[in-house]
Amino acid sequence: MEKKNIDWANLGFGYIHTDYRFVSNFKDGAWDEGVLTEDANVVISECAGVLQYAQTIFEGMKAYTTADGRIVTFRPDLNGERMEQSARRLEMPVFPKDKFVEAVRKTIRANEAYVPPYGSGATLYVRPYMFGSSPVIGVKPADQYQFRVFTTPVGPYFKGGVKPLTIRVSDFDRAAPNGTGHIKAGLNYAMSLHAIVDAHNQGFDENMYLDAGTRTKVEETGGANFLFVTRDGKVVTPKSGSILPSITRRSLMQVAKEYLGLETEEREVYAEELPEFAECGLCGTAAVISPVGKVVDHGREICFASGMTEMGPVTKKLYETLTGIQMGTIKAPEGWVVEV
Ligand code: PLP
Ligand code: COI
């Protein structure tokens with residue numbers, strides 16, 4: 001398969017039109033078989049549920065070229081499960097996990113020419129999503145839905161690659177207790193847009209959101225979970241019912257324990273404790289692990305010992321082990337790496 005002529009090494013995290021996308025429609029209580037199409041446009045009613053009341057959910061995953069030239073994806077079953085949970089919470093029909101994985105594999109295969117080569121630093125981002133497509137004017141769920149999967153080749157999520165980030169503690173909340181923070185709903189991202197634009201305007205790379213109930217505990221950023229490393233090398237991640245259960249974070253905690261022999265802890269993390277950590281990273285499909293060098297809490301600077309020039313040593317080991325597993329140079333736990 002001849003690859004497209006793309007400057008892989010200089011890709012940012014943006015949308016590039018690729019050849020095929022998967023589309024399936026839900027009507028009269030059932031999903032159709034679904035097809036691959038070259039048509040990238042969506043035509044829906046002006047009154048569609050998604051346009052009026054934001055009834056939309058999505059997933060994010062990646063396809064990789066391994067060192068020995070295979071095309072693989074990472075733990076797609078977990079994305080399928082999370083999308084089932086998101087659908088239930090927004091009163092949308094479930095797109096079954098097995099069909100989800102098949103649709104993702106098919107879409108990646110059809111866009112093989114866009115899967116960046118091994119070692120290029122780029123990957124193929126895969127975006128499954130679903131939305132209410134039929135007209136809704138009283139506040140209620142739509143009757144009809146569309147599930148789609150498209151792909152786009154991407155480079156690093158944060159400009160500057162692995163240079164440590166500066167983030168701020170946000171005065172805006174991302175998710176309410178008992179709200180929708182734990183699912184991947186478009187509405188969570190819509191409400192973060194003002195906070196991220198404001199953060200960028202003030203010179204910060206991202207927001208650290210605190211729990212909306214007490215504003216004392218660390219939650220996550222707009223698009224990634226937190227990992228912290230204590231001075232004695234323990235890997236700590238915040239536990240909360242209102243953050244997205246990141247697949248990258250769950251995988252990294254297992255990697256820390258089973259591959260690196262580190263102690264791990266998922267627990268409530270208080271903002272007050274931040275100065276005690278040696279390293280901090282943002283983890284997610286798009287972010288992979290992006291190191292944080294500094295958190296600014298209303299003018300008070302919290303600088304991690306790892307500094308502002310490179311990743312801390314534990315973060316680096318986690319990064320190298322995870323990406324090694326994804327690219328096939330390190331043996332993966334059973335079921336993590338799925339050939340497309
Ligand atoms: N938290 C939020 C709010 C996200 O949008 C994402 C991205 O998917 C993550 C965390 C990381 O999740 P994952 O590792 O499953 O990509
Ligand atoms: C992902 O990591 O896949 C996400 O969906 C995060 C988003 C902010 C790009």
Side-chain angles (χ1 to χ4, degrees), residues 11-16 56-64 73-86 89 97 100 104 108 122-130 149-159 165 167 170 172-176 179-193 195-197 199-200 205-212 218-227 237-256 266 280-290 292 318-319 322-323 325-326 336:
L11 282 176
F13 195 87
Y15 174 76
I16 291 175
T56 179
I57 56 176
F58 69 100
E59 273 302 322
M61 45 216 296
K62 281 177 172 171
Y64 311 83
T73 187
F74 187 68
R75 310 189 77 178
D77 52 321
L78 296 189
N79 293 92
E81 264 167 34
R82 193 168 63 189
M83 194 151 187
E84 289 189 356
Q85 285 150 14
S86 298
R89 181 63 177 76
K97 178 174 89 173
F100 172 100
V104 163
I108 298 169
T123 52
L124 187 72
Y125 188 71
V126 182
R127 175 52 63 88
Y129 62 115
M130 189 205 291
V149 185
F150 71 78
T151 62
T152 179
V154 295
Y157 187 66
F158 292 103
K159 280 194 224 95
L165 305 169
I167 65 175
S170 174
F172 300 103
D173 293 324
R174 174 184 174 271
T180 55
H182 61 301
I183 60 159
K184 213 158 165 58
L187 59 91
N188 292 334
Y189 300 81
M191 62 182 284
S192 76
L193 296 177
I196 192 70
V197 169
H200 288 163
D205 296 301
E206 250 293 2
N207 287 295
M208 168 183 275
Y209 293 105
L210 302 182
D211 73 298
V218 175
E219 294 249 295
E220 60 175 331
T221 68
N225 283 180
F226 279 106
L227 280 187
T237 193
K239 186 183 173 85
S240 161
S242 46
I243 65 176
L244 194 77
S246 159
I247 293 159
T248 314
R249 182 254 298 164
R250 285 181 268 164
S251 305
L252 284 167
M253 293 301 272
Q254 196 172 328
V255 163
E266 186 183 355
C280 170
L282 306 183
C283 59
T285 299
V288 194
I289 314 182
S290 303
V292 175
L318 285 166
Y319 176 88
L322 179 72
T323 53
I325 288 171
Q326 290 166 334
W336 279 25

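Whatever order the structure lists them in is the order used to number ligands and atoms, beginning at 1. The chain is numbered in sequence order, starting from 1.
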Open item on the list: Testing the 3.5 Å rule here: is there a donor-acceptor pair between the side chains of Thr237 and Glu266?
Closed with: no
Task: Test of proximity, Lys184 against ligand 2: N or O pairs below 3.5 Å - done: yes
Task: Protein heavy atom at shortest distance from atom 8 (C) of ligand 2 - done: Tyr157 OH, 3.3 Å
Open item on the list: For the 3.5 Å polar cut-off, considering only N or O atoms, please tell me whether Ala286 and ligand 2 meet it.
Closed with: yes
TODO: Name the option, out of Gly284, Gly223, Gly60, that contains the heavy atom nearest to atom 6 (C) of ligand 2.
DONE: Gly223
- [ ] Take every heavy atom of Ser251, measure it against each atom of ligand 1, and state whether any distance is under 4.0 Å.
- [x] no
TODO: Determine, using heavy atoms of Met61 and all atoms of ligand 2, whether some pair is separated by less than 4.0 Å.
DONE: no
Open item on the list: Just to confirm my output: which protein heavy-atom neighbour is closest to atom 8 (O) of ligand 1, and how far is it?
Closed with: Lys184 NZ, 2.8 Å
Open item on the list: I'd like to check whether Thr221 has a polar contact with ligand 1, where a contact means an N/O of the residue lying under 3.5 Å from an N/O of the ligand.
Closed with: no
- [ ] Output yes when the distance from some N or O of ligand 2 to some N or O of Tyr125 is under 3.5 Å, and no in every other case.
- [x] yes
Task: Per-atom contacts, ligand 1 versus Tyr189 - under 4.0 Å to a heavy atom - done: 2 (C), 3 (C), 4 (C), 5 (O)
Task: Which segment of Arg127 sits under 4.0 Å of ligand 2 when only heavy atoms are counted - done: side chain
Task: Arg75, Arg174, Glu220: member with heavy atom nearest to atom 1 (N) of ligand 1 - done: Glu220
Task: Proximity of Ala224 to ligand 1 by residue part, where a heavy atom lies under 4.0 Å - done: backbone
Task: Distance-only polar pair, side chains of Tyr129 and Arg127, donor-acceptor under 3.5 Å - done: no
Task: Numbered atoms of ligand 1 (with element) below 4.0 Å of Arg82, judged on heavy atoms - done: 12 (O), 13 (P), 15 (O)
TODO: For ligand 1, find out whether one of its N or O atoms is nearer than 3.5 Å to an N or O atom of Asn79.
DONE: no
